[in-house]
2 protein chains.
Amino acid sequence: MATIQEVAKYAGVSVATVSRVINTPDKVRKHTQFKVQNAIRELNYEPSVLGRSLRTSQTRLFLVLLPSISNPFYAQIINGIQNKAIESGYNILLCETDSDPAREVIFFNMIKNKLADGIISMDPTVNKERLIELSTKYPIVQCSEYAKDNTLSYVTIDSERAAYQAVKHLIKLGHKKIGLINFDKKFLYASERYRGYEKALKEFDLEIKDDWIYNTKHLNFESGQQAMRVLLNQADRPTAVFAVSDVLAVGALKELHINQLRVPEEMALFGFDNIEFSNVVYPPLTTVAQPMYDMGSISVQMLMSKIRGEEVESLVLDHHLIIRETT
Amino acid sequence: MATIQEVAKYAGVSVATVSRVINTPDKVRKHTQFKVQNAIRELNYEPSVLGRSLRTSQTRLFLVLLPSISNPFYAQIINGIQNKAIESGYNILLCETDSDPAREVIFFNMIKNKLADGIISMDPTVNKERLIELSTKYPIVQCSEYAKDNTLSYVTIDSERAAYQAVKHLIKLGHKKIGLINFDKKFLYASERYRGYEKALKEFDLEIKDDWIYNTKHLNFESGQQAMRVLLNQADRPTAVFAVSDVLAVGALKELHINQLRVPEEMALFGFDNIEFSNVVYPPLTTVAQPMYDMGSISVQMLMSKIRGEEVESLVLDHHLIIRETT
DNA sequence: TTCTTAAAAGTAATCGATTACATAATATTT
DNA sequence: AAATATTATGTAATCGATTACTTTTAAGAA
């Protein structure tokens, strides 16, 4: 790859002029511009991101932190992020933390090292203190998952209300015994969705039974299946279950199949996220749709504002229920 | 973030000495080492990747090219890549090309710009000529998908044999009318799996009927569903279908549900890839398992060898059939 | 045509590291 | 103790760009 010096020599001008042709063409004469452009084309020159970054301290790269790439929930958000980022002349670096603090440190160092211009964090397992501390120096926004802290901006949905509406929908269908498959409540969205569940049941004077609530340790199909197994094994079992994530719901659905239970007649099921799978399983899963693509693209816009040094307001986007055939 | 100059000043030595303490500690006295280490700790110094890269031309970063992050097939491979890479002191940059040549160019430029030390390509839509040309100058390996070219190394499986075995399994179960849901045959694996299908049918003197073969344009659930719809709409329809990808198979399965066909009694289904989801659908999908994790970790080892300038041999790994309940 | 002013191009410092080469400080040999 | 060999440290060039500052060139005014 040719360097700026070679281009300068070839075009018979100084390196400064070449740099100007690239960055501020107005400052150079048409004739000179032409010569330089020609040299650039001839030598197949591309400015070195490294040299430029070292000098300007910007890489036009974002870090996107997520716990695991295999969770399909993130796929769509990433799509929104990617498209918006590219449109704005940025690229993204997908960073899978696997909920491993050591890996998190590596990625945080990348921004300290100016290898990236900003961070979009979607990782619920992220070290909140460190993230907050980092956010005082570097542009950071949170997407979907967030820490309640007013220095950190976020874009998310109202999980509590969504859960409330989902459970209310089950109640309206006549269910009186409603179970919950939740994720570890140390995650904000899990505790919020729990509160929505609780609120709906209380409002209709229905029983909140600890035996009908199962908190999973992991967010995968098996955990959902395991949860449903436990719920089914009870003498007095629920007639409907709200799962705080489609991944869990899909796993639960498998357990229902294994037990030959008719869905929704013998057991109704409500998921959350509207991942692609949710419409492919049988019967198609009733769920809560988050505006995933928008969340992604908005978080990029917020990050860009931050980079420009503007104040940015956090956003709570609208969700909606998608009633399919499991309820 | 402190710079090497500040550390040098604080420790009362030259920048060269600081650099030596970090890179070749044997060359500096214990006492000096101690002073410098202390300064590094005090100032919370981390070497700038940018400065270092500019000088040494290595970033310890890999590019991983894939068409789409939402295809669960890649999740496990990436896991293998990520773990092996981190173990070797490298990080990976996940690059979603969305099969868009313009985006591909961006990522290729990153390696020309020395922003990354190597590329692992898993993208079947990649521009093969450009990849081959690039591979003469930069370390590149292909994972799973590959171009037949002896300058380009790859790690993959024997798709033709796997397809042959899968179809043979269906034949052994007594099926005489076997359909195929394939992906666009311009992709090598699609044409190889087709050949395996063809070979098995020919061997047992079974009919290869064009009406029973559907090539999808995209690799997603809907395409699989659409394919099965077409196959079902025929007067004389197959009793078993081999889909070259689980994603297609799962979509096809949905169409079977919609049509209330019993699986496998009225229609058997054989997938390919063993994605996590294949064991969650109902009934669990019979499929071909690729050693995805290994493919990922091996491709990193191959890439590292290439970076060290060693000759590397391409590898064809073993697959195996996972017989579940759709056959 | 000469003087003033604005625009264009060049020179060199800079970003943060590494490293060849030069020099200073020890260690070893005689 | 002096001469020599070895090791430790420092100096300065370098990677590839950007940009403040200076100098040159061209345009406009008198």
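Lettering follows sequence order; numbering is per chain, from 1. Note: hydrogens, waters and symmetry copies are ignored here, and every other heavy atom, side chains too, is used.
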>> Any side-chain N or O of Asn23(A) below 4.0 angstrom from OP1/OP2 of dT19(D)?
In response: no
>> Does dT18(D) have its OP1 or OP2 closer than 4.0 Å to a side-chain nitrogen or oxygen of Ser19(A)?
In response: yes
> On a plain distance test, is the side chain of Arg52(A) in donor-acceptor contact with the base of dT18(D) below 3.5 Å?
Replying inline: no
>> For a quick test of reading the model: is some side-chain N or O of Arg29(B) closer than 4.0 Å to OP1 or OP2 of dT9(D)?
In response: yes
>> Quick check on dT11(C): is either OP1 or OP2 less than 4.0 Å from any side-chain nitrogen or oxygen of Ser14(A)?
In response: no
> Can you tell me if the side-chain N/O atoms of Thr17(B) get under 4.0 Å from OP1 or OP2 in dG10(D)?
Replying inline: yes
> So what does Val18(A) touch, heavy atoms closer than 4.0 Å: a base, only the sugar-phosphate, or nothing?
Replying inline: nothing
> Out of dC21(D), dA12(D), dA17(D), which nucleotide sits closest to the side chain of Ile4(A)?
Replying inline: dA17(D)
> Of all the choices, dC21(C), dG16(D), dG10(C), which nucleotide is nearest to the side chain of Ala16(A) once you look at every atom?
Replying inline: dG10(C)
>> What's Glu46(A) touching, base or sugar-phosphate or nothing? Going by heavy atoms closer than 4.0 Å.
In response: sugar-phosphate
> Considering only dA8(D), dG16(C), dG10(D), which nucleotide approaches the side chain of Arg20(B) most closely?
Replying inline: dG10(D)
>> So does Lys112(B) get a backbone contact from the side chain of Glu46(A), meaning a donor-acceptor N/O pair under 3.5 Å?
In response: no
> Is it true that Lys128(B) and Asp149(B) make a salt bridge, defined as a side-chain N closer than 4.0 Å to a carboxylate O?
Replying inline: no
> When only distance counts, do a donor and an acceptor, one from the side chain of Arg55(A) and one from the base of dG16(C), lie under 3.5 Å apart?
Replying inline: no
